[in-house]
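Quantities reported herein were computed from a predicted structural model and do not represent experimental measurements. Sequence lines set the chain letters: A, B, ... in the order given, protein chains first and strands last, and positions in each chain run from 1.
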2 protein chains.
Amino acid sequence: MTEPAGNNDQAGGMRQRILETASSLFYEHGVRAIGVDLVVERAGIAKTSLYRHFRTKDELVAAFLEREDAAFWQAWDDVAARHRDDPEAELLAHMGWIAERVARPGYRGCPQINVAAEFPESGHPARQVEYEHKREMRRRIQALGERMQMADPAGFSASLSVFINGAFVSSRVLDPGEAKPVLADTAAALLSAYR
Amino acid sequence: MTEPAGNNDQAGGMRQRILETASSLFYEHGVRAIGVDLVVERAGIAKTSLYRHFRTKDELVAAFLEREDAAFWQAWDDVAARHRDDPEAELLAHMGWIAERVARPGYRGCPQINVAAEFPESGHPARQVEYEHKREMRRRIQALGERMQMADPAGFSASLSVFINGAFVSSRVLDPGEAKPVLADTAAALLSAYR
DNA sequence: AATAAAACAAACTGGTCTGTATGGTGTCAA
DNA sequence: TTGACACCATACAGACCAGTTTGTTTTATT
């Protein structure tokens, strides 16, 4: 089986290097604040190389969100794997690592929400990624509610996923040690209300 | 008493006209997407006039958030005035108008949160406005919790204001009729949990 | 060794951005 | 009437933007 492109190993590494550099710059400073020239310089590559792997900057932004999406669900799955048989414990564990994450020093909010704020046009390629990411959150929490045999798992999921989105954007107004108890207490309150 | 500036009446109207035009453009398309030239054109004024009333674009952005802040608390106070003697009814009424607002067709999220996403540098003049706005939300909800003689009004306020911020950024992932029951039910759940 | 893909550097296109400078017009007050 | 000031229109400075073009060098496969 001959490879379609000349050098797959290096080519994949190149794409990933560009994406990693762009991702950290985009996340830290915002997408519109970072020009492709800076990405090129910081990645130590030629501009032509960037545009071979990504048709436009908008596609690079969408790839950034896809990367963040994958990393987020990876973290989620890692925690879920430690609570295979107890959906309530799993849910509380999720609140724990999310609280820990939003309280971290360099935390700058949810990349999906930030990009959505920067690009109001719903036709932007990154907006589709953001939409699916948020939908997936609702689906996963609803599945947990179903496994807990709640009467209204959809309502529970809507409420809790809205709250989690709130945690992502409220980190600056929450005092450092506050995130953890607030997330835990609210989850407990919603659990008992929707039980 | 001589007026410090030549023509106060017109000058105030001019500033407000610029600010109104800029506000709707900023809110609809994002701040970084709107150049001062476009604001000038749409306001039907000269660029020199804009820069006489606002030192820089950043100050115009801060004024935009101050305007939105004032309008938001005006709406809040209007509702509060109709429930002077019943803090629980007032709180549920707030959930009502907020739900109605985020479900409106042209709703693009909370301007404070959107600007915060566009300008990560915490030194930006608009970020101070955003910070105070979010703090004020916590203060007001805590005051309601205190009037309800809750044991932990600060915890209640933290939880509910995080949730409200979540509602602001989740409007796109909520189905049209969903916002109202989700906000009402969650508020009820938190009320009974923190009672 | 030959071929092809992919990387490099650097200039360039055509446009946008914030902010300033210039000069002219209308209005109000001393 | 004279001066101060707000306003207008236009042009400009200097930087940055996304994306293309050109031509050379590296790298990998055949």
Write down the distance between [atom1] ([X]) and [atom2] ([N]), rounded to a whole number of angstrom.
X        : N      : atom1 : atom2 : value
A:Phe119 : D:dA18 : CZ    : C1'   : 12 Å
A:Glu41  : C:dA10 : CD    : C1'   : 14 Å
B:Leu38  : C:dT16 : CG    : C1'   : 12 Å
A:His124 : D:dA18 : NE2   : C1'   : 12 Å
A:Leu50  : C:dA6  : CG    : C1'   : 14 Å

Name all residues meeting the ring-ring contact (aromatic ring centres under 6.0 Å, His included) criterion together with [X]; count only those two or more places apart in sequence or in a different chain, and write none if there are none.
X        : value
A:Tyr194 : A:Phe156
B:Phe168 : none
A:Phe64  : A:Phe26

Side-chain N or O of A:His53 versus OP1/OP2 of C:dA6: is the shortest distance under 4.0 Å?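 Answer is no, no contact under 4.0 Å.
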Sub-3.5 Å donor-acceptor pair from the side chain of A:Arg108 to the main-chain atoms of A:Glu28, do we have one?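 Pair found, side chain donor or acceptor close to backbone of A:Glu28.
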When you check the side-chain N and O atoms of B:Gln74 and B:Asp78, is any donor under 3.5 Å from an acceptor?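 A donor-acceptor contact under 3.5 Å links the two side chains.
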Quick one: side chain to side chain donor-acceptor pair (under 3.5 Å) partners of B:Asp69, sequence neighbours excluded?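 For B:Asp69 the side chain to side chain donor-acceptor pair (under 3.5 Å) partners, ignoring immediate neighbours, are B:Trp73, B:His133.
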What residues form a side chain to side chain donor-acceptor pair (under 3.5 Å) with B:Glu59, not counting sequence neighbours?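 Side chain to side chain donor-acceptor pair (under 3.5 Å) list for B:Glu59, sorted by chain: empty.
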Kindly state which residues belonging to residues 54-61 of chain A come within less than 4.0 angstrom of DNA chain D, counting heavy atoms of the residue only, listed by number.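 Those residues whose heavy atoms fall under 4.0 Å from DNA chain D, taken from residues 54-61 of chain A in numerical order, are A:Thr56, A:Lys57.
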Give, ordered by number, those residues of residues 25-36 of chain B having at least one heavy-atom distance below 4.0 Å to an atom of DNA chain D; if nothing qualifies, reply none.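 Contacting residues: none.
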Ignoring hydrogens and angles, write down the donor-acceptor pairs under 3.5 Å from the side chains of residues 97-104 of chain B, residues two or more places apart or on other chains.
{"unit_1": "B:Trp97", "atom_1": "NE1", "unit_2": "B:His94", "atom_2": "ND1", "d": "3.0"}
{"unit_1": "B:Glu100", "atom_1": "OE1", "unit_2": "B:Arg104", "atom_2": "NH1", "d": "3.2"}
{"unit_1": "B:Glu100", "atom_1": "OE2", "unit_2": "B:Arg104", "atom_2": "NH1", "d": "3.4"}

I need the full list of salt bridge (Lys or Arg N to Asp or Glu O under 4.0 Å) pairs touching residues 185-195 of chain A, with sequence neighbours left out, sorted by first then second residue.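 Passing the test, one end in residues 185-195 of chain A: A:Glu88-A:Arg195.
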Got a sec, which pairs hit salt bridge (Lys or Arg N to Asp or Glu O under 4.0 Å) with one end in residues 173-183 of chain A, sequence neighbours left out?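 Sorted result for residues 173-183 of chain A: A:Asp175-B:Arg135, A:Glu178-B:Arg138.
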I'd like to know if B:Arg140 and B:Asp77 make a salt bridge, using a cut-off of under 4.0 Å between side-chain N and carboxylate O.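 Yes, charged N to carboxylate O under 4.0 Å.
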I'd like to know if A:Glu90 and A:Arg84 make a salt bridge, using a cut-off of under 4.0 Å between side-chain N and carboxylate O.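 So A:Glu90 does not pair with A:Arg84 through a salt bridge.
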What nitrogen or oxygen pairs link the protein and nucleotides 8-15 of chain D at under 3.5 Å?
{"unit_1": "D:dC8", "atom_1": "OP2", "unit_2": "B:Ala46", "atom_2": "N", "d": "3.0"}
{"unit_1": "D:dC8", "atom_1": "OP2", "unit_2": "B:Ser49", "atom_2": "OG", "d": "2.7"}
{"unit_1": "D:dC8", "atom_1": "N4", "unit_2": "B:Thr48", "atom_2": "OG1", "d": "3.3"}

State, to the nearest 10°, the angle formed by the axis through the first five base pairs of the helix from C:dA1-D:dT30 to C:dA30-D:dT1 and the axis through its last five.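 Here the local axes at opposite ends form an angle of 10°.
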Selection from C:dT18, D:dT20, C:dA7 that lies nearest to any side-chain heavy atom of B:Tyr51: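 Of C:dT18, D:dT20, C:dA7, C:dT18 is nearest to the side chain of B:Tyr51.
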Cluster check A:Met137, A:Met150: I/L/V/M/F/W/Y, side chain < 4.5 angstrom: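 Yes; A:Met150 is reachable from A:Met137 via cluster members.
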